[in-house]
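Data block below; observations after.
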Amino acid sequence: MSGMPDPIVIDRLEETIRWAQCLTEKQRHFVWMRAEEWGWWEIRQRFGGDRTTAWRRCHKALGLVADRLNGASAGTSVAIYCTK
């Protein structure tokens, strides 16, 4: 084995980078921390606010990604998760 990643893995990474571009840096941190199974308490400690605020911010970011993947205009499903 040459240590090179599988081309399929590279394609997935490139796709992830594309959809993550619709997020701010802070939103990307929220999503990544949840993907790594950080608790709401830890996320709250890092970014401030309470648990509910952290949850809303993370789900707003995920809503933006879902909108982008579904081809919807920005903000259509975000209203379910967070008030603007």
Rounded to the nearest 0.5 Å, the OG1 atom of T24 sits from the CZ atom of F30 at a distance of 8.5 Å
Could you go through residues 13-22 and list every donor-acceptor pair under 3.5 Å that involves a side-chain atom there, pairing it with any protein atom two or more places apart or in another chain?
residue : atom : partner : partner atom : Å
E15     : OE1  : R18     : NE           : 3.3
E15     : OE1  : R18     : NH2          : 2.9
T16     : OG1  : R12     : O            : 2.9

With a 3.5 Å cut-off and sequence neighbours excluded, list the donor-acceptor pairs that the side chains of residues 37-49 form with protein atoms.
residue : atom : partner : partner atom : Å
W38     : NE1  : E36     : OE1          : 3.2
E42     : OE1  : G39     : N            : 2.7
R44     : NH1  : G49     : O            : 3.2

Under 3.5 Å: donor-acceptor pair, side chain of D6, backbone of V9
no
Before you tell me yes or no, could you show the steps for K60 and R57 under side-chain contact (heavy atoms from CB on, under 4.5 Å), namely the whole-Å CA-CA distance, both residues' side-chain angles and the distance that decides it to 0.1 Å?
CA-CA 5 Å; K60 179 179 181 182; R57 288 177 181 165; 5.7 Å; no
Evaluate the side-chain contact (heavy atoms from CB on, under 4.5 Å) criterion for residues V31 and V65: first the C-alpha distance (whole Å), next the side-chain angles of each, then the deciding distance (0.1 Å), finally the verdict.
CA-CA 10 Å; V31 171; V65 171; 5.6 Å; no
Give me the atom names and distance for the closest heavy-atom approach of L64 to Q27.
CD1-NE2, 3.5 Å
Supply the atom-to-atom distance L62 CG to L23 CG, rounded to the nearest 0.5 angstrom.
8.0 Å
